[in-house]
Every structure is written in C-alpha cells, then in structure tokens.
Amino acid sequence: MTTDTNTRPESPSGAARRAPVVLRAVSAIERAGLVLAGSVLMAMTLLMVFETGMRYFVGAPLGWSFSFIQDYLLPGFFFLALAYTVRAGAHVTIDAVYQRCPAKVQTAMTLVARVLMLGFSVLLLWAGMLSTGHAWRAHDIPPPGGAELSIPTWTWHVLVPIGAALLTVRLLWDVFTGHRRGAGDETEGNA
Amino acid sequence: MSVLIVIVVMLTLLLIRVPVGFAIAIAGAFGLFVHGGLSDVLGVLQSAPAAAVSSYSLSPIPLFILMAQFVVASGVMDDLFRATQVWVGRIRGGAGIAAAGAGAMFAAVSGSSTAAAATLAHTSTTKMIDSGYSPRISTGLVAVVGTLAALVPPSIILVFYAVIAEESVGQVLVAGFLPGALVTLALVATLVVLIKINPSSAPAGQRHAWADKLRNLRSAGPVLLLFALVTGTVYFGVATPTEAAALGAVGGFALLAARKRANWATIKHAVTETISSSVMILMIILGAHILGYFITSTRVTPTVVSWVASLDVAPIVVVIILFLCYVILGFFLDQIAILALTVPVVLPLVTELGYDPIWFGVLIVLLAEIGLVSPPLGLNVFVVARTARRPTAEVFWGALPFVLAVVAVAALLIALPEIVLWLPETMASTE
Amino acid sequence: APPVPSVESGGVYTLTVADSYPDGHPFADAGASVLMDKASELSGGRIRFDYFPAEQMGDAADLPSLIRSGVVDLASVAPAYVPAELPLSGVADLPGLVEDSCTGSLAVAHLMSEDGLLYREDFEPKGLRPLVVGMIPDYEVLTGSRAVRVPSDLRGLQLRSSGGTIDRAVEGFGAAPVGMPATDMYEAISRGTVDGTVLGPVSAEPYHLEEVTGNATVGARLGSFTMTYSISDSVWDELPPDLRDVLRRAGEQATRSLCTALQEGNAEGRQTMRDAGVKLHRISGSERDAWDKATAPIHRRWAADMAEIDRSGKAALRELKDELRRAERDSHDD
Ligand code: NA
Ligand code: NA
C-alpha cells in the first residue's frame with residue numbers, strides 16, 4: 001500500500017500542452033478549494049477551543065457549535081478539498097500488482113480507474129443536486145432558537161455537488177488529456 | 001452470492017490502483033445498482049455523503065492529525081530522541097531504547113501509526129545506523145514503534161472504531177493507554193534480547209553526566225504537557241474528545257511557535273498534509289457507508305452471525321479466529337478500511353458472545369497494525385525503507401522479532417482483558 | 001431522479017421498513033413490530049415487510065430523505081431529528097403539555113392524520129404519511145450532584161440535550177444545552193463535563209445513566225420526544241384502497257400498544273434509578289406552579305420563532321391543546 005504521490009508524470013501529454021488555460025483554471029479552482037478547506041480546519045479548531053472556554057470558564061456554551069461543525073465545517077472541509085487531494089495523489093492505493101505490470105498495462109489500468117472514478121463522481125454530483133434542489137424548493141430551514149443556526153439547509157446540502165463538480169472536472173481533465181496517473185503534477189504549481 | 005461478486009469487484013478495483021476509498025464506494029454503488037437499480041444508487045448517494053462525513057464524533061480525526069503535524073514541524077522529536085539517548089546511553093543498545101522511548105512519547109501526541117513511523121525514521125533510524133547499529137534492527141524497530149501511535153491516546157483509528165462501534169470516544173481512547181505501555185516494554189525487552197544474542201548489532205553505550213541528563217529532560221516537558229492537555233482533559237472530564245483534540249492542535253501550534261518555527265511555509269505544509277490525510281480517511285469512511293447499504297440490503301450480516309453463533313465451539317475460539325482474520329486482512333488492506341468494512345458485521349457477534357466492545361476494539365486495532373509491518377503490503381515498512389534508503393525486505397525481516405513481541409502482548413490482553421478495561425472503567429465511576 | 005420500482009409483485013406488496021431503534025426498544029417492539037404483525041395478519045399476507053432495525057439503513061436524521069428517494073418505504077421519522085424539515089411538529093415536544101403517553105400520542109396522531117394541521121403543514125409536503133405515533137412524555141432533569149426542585153435550580157447548569165425543541169426548553173428554563181453524541185453522555189456526566197441531561201426516564205437505562213446520576217426530577221414535564229412510523233406517499237398511492245385501510249388500522253393499534261409500553265417504560269426507568277440509589281424528587285404543589293409559570297414564556301417564544309419562518313406555531317399550539325383536552329375527555333369516558 002502507498003499513496004500515489006511517488007509516481008510523477010514524465011511529461012505533459014499533447015492535450016495538456018494544448019490547453020494550459022483550462023488546466024490552470026482547474027488547478028486554480030482546486031487551490032481555492034484547498035485554501036477554503038484549510039480555513040475551515042482553522043475555524044473548527046478555534047471554534048472548539050472557544051466553545052471549551054465558554055463552557056468551562058464562563059459556563060455559557062455556544063450551543064450551536066455541535067450542529068455547525070457537523071453540518072457545515074466537516075462536510076465543507078471534506079468536499080472543498082476532495083478534488084485537490086485526488087489531484088495531489090493523497091489517497092491511499094495498493095500498488096503491488098500495478099508495479100509489476102508493463103507500462104502499457106499501467107496506462108490502461110490508470111485510464112480505467114479514472115473513468116470509473118469519474119462515473120462515481122458524476123453520480124455523486126447528480127445525487128447532490130437532487131438533495132440540494134429539494135432543500136431549496138422546500139425552503140427547509142431550522143427554526144430560530146433551536147440547537148441549529150437558522151440558515152436554509154440547502155447551504156450545507158450544496159457542499160456535496162460543489163465538491164463533486166470540482167472532482168468531476170478534475171477527472172474529466174485526467175481522462176481526456178490522457179494524464180497517466182492524475183497524481184500531483186508539479187507543473188500545475190504548488191498549492 | 002451478490003456479496004461475493006461485489007467483493008471481487010472491489011478487489012479488482014484495488015488491484016488496478018483505484019484509491020481505496022473510491023474502490024469501496026464504486027463497489028458499493030455497483031452492488032446497489034444490481035440490487036435495486038439506479039434509483040437506489042441515487043437514493044443512497046443523496047444521504048450517504050452527509051451521513052458519513054457529517055458526524056461530530058469524527059471531528060477529532062483532522063484535529064489530532066493537525067496536532068501531530070505541528071509537533072513534527074516543531075522539530076521537538078530530535079530533542080526527544082537525544083534526551084532519551086542521554087538517559088539510557090550507558091546501556092549497550094541505548095540508542096535503540098531511546099528510539100523506542102521517544103517513539104512512545106511521540107505516540108502520546110500523534111494519532112497515526114504510519115505518520116509516527118515516518119517521523120521516527122527521519123529522527124532516529126539514520127542516526128542509529130550511523131552510530132553503528134545493524135540497519136535491520138534500527139529500521140525494523142522504528143517501523144513497529146509506529147504501532148504505538150495507534151494505541152497510546154490520541155489515536156485516529158481508535159476514534160474511528162468508537163464511532164462505528166457506537167462506544168464512548170473518550171473511553172475507547174483511554175483504553176489504549178495501558179496496552180500501549182505494554183507494547184513499549186515488550187519492544188524494549190525484545191531489543192535487549194536481540195542485542196544480547198548478537199552484541200555486534202549495537203554499539204557500546206556511552207556515559208553522560210547528570211548535568212547533561214537534567215538539561216535534556218527539558219525537551220520532554222512540552223510533549224508531556226501536550227499529552228496531559230489532550231488525554232488528561234478527556235480522562236478528567238474537563239473536555240470532550242473533540243474539544244481536547246482542538247486544544248491539542250492549538251497546543252501543538254504553541255510548541256511550534258515556542259520553538260520559533262511558526263513560519264508561513266511550515267504552517268501551510270502542516271495544514272495541507274492534515275487535509276490530505278483527513279480527506280483520504282473520510283473518503284474511505286464514505287465508501288464504507290455506501291457499501292454498508294448494499295451489505296445491509298443483502299442481509300448477509302445476520303446470516304453470518306447466526307451461522308457462527310450456531311457453531312458448537314467455545315466463544316473464545318470464535319474470537320481468536322476473528323483475531324486471526326484481522327491479522328490476515330491487515331496483510332492486504334488499509335486499517336481504516338478494515339474496520340469500516342468488518343466492525344458492523346463482526347461486533348454484534350462479539351457482544352453476543354459476551355465480550356466487551358472496547359476490549360475487542362483495542363485488540364483488533366493492535367492486530368490489524370501488524371499488517372502495517374508485514375509483507376506484502378506494509379505501509380510503515382515502505383515509509384521507513386524509503387526514508388532510511390534501505391531495501392524493504394531488510395525492514396520486513398528486521399520488524400519480525402518486534403511483531404512477535406506485539407503478538408505476545410496481544411495474547412496477554414486476550415488472557416487478561418482487565419488490562420484494557422481497567423482505565424476506561426475508572427472514568428465511569430460515580431464520586 | 002429515475003423512477004422508483006414498484007413494491008408490488010404478483011399481488012403481494014413488499015415494503016422495506018427501517019428505523020433507528022435497536023431490538024428491545026419500545027418503539028421497535030411495541031410500535032414497528034405491532035404495525036407489521038397486524039398489517040400482515042389483516043391483509044392475509046398480501047402485505048409483507050422487509051425490516052431493517054437499529055440504524056442499519058441510516059441514521060434517524062436520514063430516514064426521511066431515504067423514504068423520499070425510495071430506498072425505504074416506511075421508516076421511523078422523528079421531528080426532533082429533522083427540525084428543518086418538520087418544524088411545526090416540534091409543538092408536540094414542548095414542555096408542560098403532556099403527562100401521559102396515550103393522551104399525548106392520540107392527540108398528536110389526530111393532528112398528523114389526513115386532515116390534521118401537522119400532516120398538511122409538515123408531513124404532506126415531504127411526501128410522508130404518519131401511520132403510528134409514539135411519544136415519550138415526561139422529560140426529566142437527571143443531574144450528577146446538584147438537586148433540582150424548581151426551574152430556578154436549573155439556572156447556570158449545563159445539560160446535555162438532544163437538540164430540537166428540547167434544547168429550547170432547556171434554554172428557556174435558564175440552563176445551557178450542550179450538544180454531544182449520546183454515547184458520550186454517560187462519561188460526560190460521571191466526569192462532570194456537563195452537570196446532567198434531560199430525557200425521558202425510559203431512555204436512561206440503555207445508557208446506564210442510573211449509575212452516574214445522583215438526582216432526578218419526577219413530573220417536571222420538561223418536554224416530550226415524539227416520533228412516527230411514516231410511509232412514503234408515493235408507495236401509499238400505489239396501494240389498493242383495502243390495503244391502505246389495513247395499514248391505517250394496524251397503525252392505530254400500534255399507536256395504542258406503543259403508548260402503553262412507553263408509560264410502562266418510563267415507570268420502569270424510574271424504578272431502575274430508584275433501585276440504583278438515585279434521589280428522585282417528585283414535583284408537587286407550589287413547585288408545579290413554578291414550573292408551569294416558567295413554561296408559558298417558552299411556548300410564546302416558540303410560537304414567535306415559528307412565525308419567523310412563516311409557520312403558524314400559534315395555531316399548532318392551540319390545536320394541540322384542544323386535542324389534548326379532547327383525548328383526556330375520551331379517556332375518562334372509557
Ligand atoms: Na497516539
Ligand atoms: Na501488510
């Protein structure tokens with residue numbers, strides 16, 4: 001087992017050379033997602049420390065932090081950074097068979113893997129749009145004064161399709177430019 | 001039958017190098033499609049992402065990772081290794097014991113076995129080899145010492161176990177403490193025995209003055225303080241596990257700042273690494289959630305449970321067979337994935353046989369960790385081999401005696417469950 | 001979304017049922033089981049059930065959306081877990097209203113039936129149709145060391161609370177609600193991370209709270225927990241009229257058996273606490289007046305909050321009170 005960071009592209013493929021603008025746009029969006037996810041992580045840390053202090057020293061906990069972390073911060077953290085982590089090869093893979101295959105087979109394996117991941121990503125996007133659409137049309141909103149902040153629920157439902165859309169674009173790029181492994185591409189700039 | 005097909009699909013996906021979390025998710029979606037059509041797939045995908053990721057109990061995971069990242073960036077590990085070396089330096093093999101000791105201390109602030117192995121490989125392995133240790137012993141020891149991070153609180157995998165087993169996160173975390181201490185002792189004992197058998201595998205010890213010892217003691221202070229801040233607050237009820245994890249992350253940052261390493265580049269690196277590891281773990285959890293719907297629909301769990309329960313064997317035999325399965329699974333699969341895929345199936349059986357779920361969790365984590373240092377797929381070994389620039393086979397062989405020590409500790413914990421359960425039980429007493 | 005396949009095959013209707021309660025919980029044993037047994041019996045086997053208890057098919061908060069998307073056909077749906085989706089139904093969980101589970105659940109069941117306000121406003125737009133209503137009345141304060149007699153004793157306490165309307169009651173009485181997973185509750189109370197919790201006595205035992213609780217109120221009426229077993233509206237439309245009638249009747253029977261079981265469960269929960277040495281304080285006389293006095297502003301505040309999201313909390317509260325009076329009268333006539 002290993003993460004796939006250690007396999008780097010040898011050279012950008014033809015399509016990658018032809019469409020640097022698209023590539024730059026895609027990576028810029030992914031980086032923005034990463035920066036947001038990092039901010040969310042910081043916010044979660046500080047919110048929890050503040051909450052602990054309020055509870056322990058002041059005796060007046062915020063009350064909404066539990067559901068806010070659950071509904072917004074954790075999913076925001078995950079979905080905003082998902083595309084970046086796929087691009088950066090942060091996901092653990094099992095390489096035992098792959099490494100023993102000839103280069104041609106490796107290319108085929110990577111293409112099939114990316115196409116399947118793309119299929120999953122598209123389904124996730126579709127499902128995410130369905131649930132967001134429902135929450136939007138139904139005007140679902142927690143009543144004020146409860147444990148949850150009174151913000152329409154589509155605002156957290158929408159994190160799923162946003163993350164899935166970013167991932168879909170990344171995988172489409174990988175599949176159609178014949179990116180060999182979709183692992184971290186240093187030419188795309190460091191995030 | 002359809003379960004078998006889906007398992008085969010999943011294994012195929014893993015072998016063509018689909019990342020673990022995605023492989024599980026895709027296999028699950030495929031199973032749901034076969035079972036209930038596209039509407040079931042989309043139905044599950046509408047609630048699974050929120051259900052899997054939006055779990056408050058999971059929030060300590062990224063926070064514990066962030067804490068460890070800050071601690072690593074602070075460079076305190078170098079000092080820790082040196083300090084322990086000064087204290088036990090007189091003994092032959094002192095540096096090895098120092099590596100185990102420093103590893104145990106690092107485990108007290110790091111939640112991930114592989115991350116700990118990587119850090120220790122950086123700080124101690126090369127130094128051990130340079131000072132005359134056999135590379136086999138130094139790399140093997142460090143690969144196994146990583147296991148401590150998964151036992152000694154904080155532990156990411158124990159948090160995850162608590163979440164899927166629906167046990168108290170705090171109690172499960174605290175339960176890992178004594179087993180972790182035992183593993184440390186067992187590793188040190190193994191090391192001493194190995195050096196006794198072959199004295200040339202380690203250099204002679206070196207005396208250090210008391211003034212030197214006392215000066216070096218200082219570096220352990222901040223790490224112990226951080227351990228107290230996290231595990232202590234949970235144990236004494238000052239904070240919930242999530243709050244403690246956040247305190248730990250801030251404490252880790254304070255350590256980084258105190259050592260004047262808190263610059264933009266290190267912070268960015270720590271945050272990016274935290275995001276990468278956490279998202280990978282959460283993706284595996286999401287995948288397992290999707291596959292879980294399919295497994296539930298097929299009703300394979302109650303079938304297996306009632307079949308095993310109907311076998312006419314002693315409960316302890318069943319449990320030991322299960323433990324063996326966990327060791328074998330560990331050879332091939334990611335630890336988080338193993339837990340996510342098996343605990344929902346196995347835990348009902350284990351509790352029905354009359355065993356404590358906290359005890360079971362600590363043991364399967366300990367046993368699945370063996371997979372991290374055993375062929376063919378041992379992530380800790382790969383990480384250590386890469387860092388120390390040694391062949392993987394050498395590290396695998398080097399790890400073997402230490403793995404046997406871990407197995408001995410596991411046997412002890414099976415014989416005396418009180419070792420695991422005593423501390424968490426003290427958390428639950430009425431004053 | 002793609003069409004959901006039919007539940008009918010060869011004249012037999014197979015419904016996938018899911019809930020969040022483990023085997024042995026009154027909701028499962030006296031609610032879901034009775035509903036399913038009665039319905040198969042009354043339909044002569046033309047309705048069958050594929051039952052997944054104990055969150056096997058998803059968390060309590062996900063079940064409504066799993067019904068909507070057709071993954072399950074019938075499931076436990078509790079407004080407290082989905083306040084954004086069923087806001088008005090939180091009325092049933094308000095403090096000071098219900099003392100007896102049967103009175104409470106029959107009154108609420110009326111409001112959730114075809115012409116009821118809660119059905120029209122909450123359930124129908126979500127494609128849900130309640131068949132069984134269950135209610136744990138008598139939420140009490142369970143504390144470690146601090147004894148609670150009157151509402152002012154709650155001031156400044158930190159209480160683990162399960163969210164929804166109960167949070168607002170805790171806050172209304174001057175305590176601070178703390179959100180945390182139910183599994184952390186035992187240890188949080190025993191270690192003093194929180195001062196206590198608020199729940200129905202029937203729920204104390206599964207978490208072994210009697211071991212860590214020193215004091216508990218009896219009759220504080222801090223609120224209730226209301227849940228339903230609801231069927232998907234589109235599945236309902238697919239059923240022939242006689243089978244709908246079967247489900248309706250089976251649901252009514254389950255509602256009655258469930259409320260009896262919950263009353264007993266609360267009594268047993270109190271007994272377990274008493275046996276474990278928990279000091280039970282019965283609210284009586286002038287103390288009761290103090291609780292009622294403290295409850296009125298919570299009701300007003302709730303109605304005002306509902307108005308803010310364009311829901312008529314005032315009407316819901318008035319209708320529930322009417323129904324409760326009627327249910328009480330009916331039970332005395334029996
Ligand atoms: Na640890
Ligand atoms: Na392995």
Side-chain angles (χ1 to χ4, degrees), chain B residues 32-33 35-52 54-59 162-163 165-174 233-244 289 292-293 295-297 299 301-302 344 348 357 424-431, chain C residues 1-6 16 18 22-23 50-73 144-145 160 163 178-195 206-214 232 234 276-278:
Chain B
L32 283 169
F33 180 75
H35 189 266
L38 190 56
S39 79
D40 261 22
V41 178
L42 283 173
V44 166
L45 285 182
Q46 279 181 64
S47 43
S54 312
S55 167
Y56 180 83
S57 307
L58 292 174
S59 53
V163 174
E166 296 188 12
E167 289 294 320
S168 145
V169 173
Q171 286 195 38
V172 172
L173 275 178
V174 167
T233 50
V234 171
Y235 183 77
F236 291 107
V238 176
T240 64
T242 301
E243 291 170 349
H289 231 84
Y293 275 98
I295 302 266
T296 301
S297 309
R299 294 200 177 276
T301 309
E425 269 162 18
T426 64
M427 290 179 73
S429 59
T430 12
E431 275 92 293
Chain C
V4 174
S6 164
T16 305
D23 200 26
D50 203 2
Y51 178 41
F52 298 94
E55 293 193 331
Q56 287 178 26
M57 273 290 169
D59 295 352
D62 300 322
L63 289 172
S65 87
L66 288 166
I67 296 179
R68 195 163 54 239
S69 59
V71 177
V72 300
D73 304 313
S145 50
R160 189 267 168 186
V178 178
M180 69 171 68
T183 43
D184 287 353
M185 180 163 59
Y186 178 93
E187 174 192 315
I189 296 174
S190 80
R191 306 261 93 185
T193 315
V194 291
D195 299 302
Y207 297 108
H208 304 291
L209 293 187
E210 73 280 356
E211 295 171 13
V212 293
T213 301
S232 147
S234 55
V278 177

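Residue numbering restarts at 1 for every chain, and letters A, B, ... go by the order of the sequence lines.
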**OP:** Please name all residues satisfying side chain to side chain contact (heavy atoms under 4.5 Å, CB included) with C:Ser65, sequence neighbours left out, ordered by chain then number.
**Re:** B:Ser47, C:Arg68
Subject >> Contacting moiety of B:Leu38, where chain C heavy atoms sit under 4.5 Å >> reply: both
**OP:** Please state whether the side chain, the backbone, both or neither of B:Gln46 comes within less than 4.5 Å of a heavy atom of chain C.
**Re:** side chain
Original post:
For C:Thr193 and B:Thr240, which heavy atoms make the closest approach, and how far apart are they?
Top reply: CG2-CG2, 4.2 Å
**OP:** First locate atom OG1 of C:Thr183, then atom CD of B:Gln171, and finally report the distance between them rounded to the nearest 0.5 Å.
**Re:** 10.0 Å
Original post:
With a 4.5 Å limit on heavy-atom distance, are the side chains of C:Leu66 and B:Tyr293 in contact?
Top reply: yes
Original post:
At a heavy-atom separation under 4.5 Å, does B:Ala239 approach chain C through its side chain, its backbone, both, or neither?
Top reply: backbone
Subject >> Under the side chain to side chain donor-acceptor pair (under 3.5 Å) test, residues paired with C:Tyr207 that sit two or more places apart >> reply: none
Subject >> Option that, when pairs with chain B are counted at under 4.5 Å, heavy atom only, ranks first among C:Val194, C:Asp62, C:Ile189 >> reply: C:Asp62
**OP:** Using the side-chain contact (heavy atoms from CB on, under 4.5 Å) rule, pick out the option among C:Pro3, C:Ser69, C:Pro5 that qualifies with B:Ser39.
**Re:** C:Pro5
Subject >> OH/C:Tyr51: more than 12 non-hydrogen atoms of other groups inside 6.0 Å >> reply: yes
**OP:** Taking the side chain as every heavy atom from C-beta outward, state whether C:Asp50 and B:Arg299 have any atom pair closer than 4.5 Å.
**Re:** yes
Original post:
Out of curiosity, B:Met427 CE to C:Tyr186 OH, how far, rounded to the nearest 0.5 Å?
Top reply: 11.0 Å
Subject >> Under 3.5 Å: donor-acceptor pair, side chain of C:Arg191, backbone of B:Val238 >> reply: no
Original post:
Counting heavy-atom pairs under 4.5 Å to chain B, which of C:Met180, C:Met57, C:Met185 comes out on top?
Top reply: C:Met57
**OP:** Output the option from B:Pro302, B:Ser297, B:Ala48, B:Ala162 having the highest count of non-hydrogen pairs under 4.5 Å with chain C.
**Re:** B:Ser297
Subject >> Contact summary for B:Ser168 and C:Asp184, nearest pair of heavy atoms >> reply: CA-OD1, 3.8 Å
